[in-house]
Amino acid sequence: MYLSVQREDFDVGAELARLRESSAGATTAGGAEAGAIACFVGLVRADNLGEEVRALTLEHYPGMTERALAETIEQAQQRFPLIAVRVIHRYGRLNLGEQIVFVGVSAHHRQAAFSACEFIMDDLKTRAPFWKKEETTRGERWVEARDSDTAARARWEA
Amino acid sequence: MYLSVQREDFDVGAELARLRESSAGATTAGGAEAGAIACFVGLVRADNLGEEVRALTLEHYPGMTERALAETIEQAQQRFPLIAVRVIHRYGRLNLGEQIVFVGVSAHHRQAAFSACEFIMDDLKTRAPFWKKEETTRGERWVEARDSDTAARARWEA
Amino acid sequence: MLKPMSVRILYFAALADRLGVRSEHVELPPGIVSVDGLRTHLAARGGVWADLGTFPKLRAAVNQRMAGGDAPIQAGDEVAFFPPVTGG
Amino acid sequence: MLKPMSVRILYFAALADRLGVRSEHVELPPGIVSVDGLRTHLAARGGVWADLGTFPKLRAAVNQRMAGGDAPIQAGDEVAFFPPVTGG
């Protein structure tokens, strides 16, 4: 597991290369190697609920953020047979189109990789202590939590 | 839509950068920008059904392959609200750990991106005319199609 | 006689903006044993603090873990109040 | 009198290995109008071609589209026979 909460941008290609490296075990051991990598990147979108967003600032709760993300990853590892997981979440001011979050997961089979990647995003959205303040054409405003995110997380308990 | 059937390896970081570029529309249009990118990379695994795999050769049906992958992408675009899609599938001889397939999808929201990425893999697995021949410690053998892949594709029709 | 209990309190995002405070150390009188008890005590300070009592969908964490209103608090704890999270 | 019908036929993967042939052009007698009809005609050539009739889970494509056994075939078509696909 690798987890980082950082102000700086990240290089998705480099992150995926590291995920691949940490997923390739000793070839003689048999079975340690990944057949599937799923990844997700969240970006700052221009248009949120009809108003134009120019940038956003992500506030977070240092310490608790890392703890919450680690718990999310541990839950994913308990639920799905995974080989390696990398999660990066940025904070601070981000412009339109910038990268916010990276989730990369490797597994023997694609369904575990897809499910874990989606689970991590759904869990993180309802648990990790980040708050977005948007700069729109009509001024600043804090983003409201979405019921759809709560519903997305609830699917995993059905 | 971008689609390539090729012998050469691909650079996932560059592919994701291109996906991001083609997903960032005119900011004044509002709504053309992606908030989510989901991607999948399939790798040659060491261990398949208990025998050690050293390499595999992917045979394909030139012409039909491109047509089938284009149909898969079109189906995904009809089913989910997507912004951009990139699919690369390799053929020829691939060593252990090498990349076989890349699927990258951008969308406004993460659920469409995740679903489309998984749908494309499930559809491709049952429709695109590729066949894998493995080199194992016990010689060469053609990989048998898996019932689990047929089942994975069938989920989308439920 | 019971000693006063010291806790650290953090506020985040829209709540911190509303209160104009991001963190404080408070000495609590005896009898405040839960997150809800603490919230009521702080809101009773009046003025802008009344908003803490009525803030919609308020969430809390004790020692950096999500906590419900009946979660216990002890001397030395770090308690945080904030709106629902919106990361990712 | 009906003219013979010319079609191009492709074989892939384990099937091509078994037959020792990857492609051929054949002139078909009148009356062969479907994928299944073509398969039966080819298998009737005997020898290794009998395997085409019994090959398990055989799939087919007509003009590079997946086709069932009752799919029609016409002069000039490209017909392919192959095992279930295993890409991805």
Side-chain angles (χ1 to χ4, degrees), chain A residues 11-17 19-21 23-48 50-54 96-104 106 108-111 113-115 117-119 121-122 125 137 146 148-149 152 155, chain B residues 11-17 19-21 23-48 50-54 96-104 106 108-111 113-115 117-119 121-122 125 137 146 148-149 152 155:
Chain A
D11 176 340
V12 180
E15 291 308 319
L16 286 168
L19 193 64
R20 246 177 102 184
E21 279 159 31
S23 307
T27 60
T28 49
E33 289 80 11
I37 290 178
C39 95
F40 178 84
V41 182
L43 307 169
V44 180
R45 284 201 306 131
D47 187 7
N48 194 8
E51 286 183 30
E52 202 173 308
V53 176
R54 293 165 173 168
L96 194 60
E98 277 199 77
Q99 302 183 133
I100 302 171
V101 59
F102 169 83
V103 177
S106 66
H108 286 88
H109 297 291
R110 74 184 184 283
Q111 284 176 356
F114 276 124
S115 295
C117 199
E118 193 163 6
F119 171 82
M121 280 306 303
D122 287 347
K125 280 263 182 189
T137 43
R146 290 173 186 266
S148 61
D149 286 328
R155 285 181 307 156
Chain B
D11 175 341
V12 180
E15 291 308 318
L16 286 167
L19 194 64
R20 246 178 101 183
E21 280 160 31
S23 308
T27 60
T28 49
E33 287 80 9
I37 291 179
C39 94
F40 178 83
V41 182
L43 307 169
V44 180
R45 284 201 305 133
D47 187 7
N48 194 6
E51 284 182 33
E52 203 173 304
V53 176
R54 293 165 173 168
L96 194 60
E98 279 199 76
Q99 302 183 132
I100 303 171
V101 59
F102 169 83
V103 177
S106 66
H108 286 88
H109 298 291
R110 73 184 183 284
Q111 283 176 356
F114 276 124
S115 295
C117 199
E118 193 163 6
F119 171 82
M121 280 305 303
D122 286 347
K125 279 264 182 188
T137 42
R146 290 172 185 266
S148 60
D149 286 329
R155 286 181 307 156

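Keep in mind that this is a model prediction, so the values were computed, not measured. In what follows, every chain begins at residue 1, and chains take the letters A, B, ... in the order their sequences are listed.
Here the shortest heavy-atom pairing between A/Cys39 and B/Leu16 reads SG-CD1, 4.4 Å.
Here A/Cys117 is the residue among A/Ala152, A/Gly97, A/Cys117, A/Gly42 with the most heavy-atom pairs under 4.5 Å with chain B. Interface summary for chain A: among B/Glu118, B/Gln111, B/Arg54, the most heavy-atom pairs under 4.5 angstrom belong to B/Glu118. With respect to chain B, the highest number of heavy-atom pairs below 4.5 Å among A/Ala36, A/Ala17, A/Ala14 belongs to A/Ala36.
Separation of the B/Phe114 and A/Phe114 ring centroids does not fall under the 6.0 Å cut-off.
Using a 4.5 Å cut-off between heavy atoms, A/Arg20 contacts chain B through its side chain alone, with no backbone atom that close.
Annotation: side chain of A/His109 is in contact with side chain of B/Arg45 (closest heavy-atom distance under 4.5 Å). The closest side-chain heavy-atom distance from A/Val12 to B/Glu15 is not below 4.5 Å. Under the 4.5 Å side-chain criterion, counting only non-hydrogen atoms from C-beta, A/Asp122 is in contact with B/Arg110. Counting heavy atoms from C-beta outward, B/Ile37 and A/Gln99 have side chains that stay 4.5 Å or more apart.
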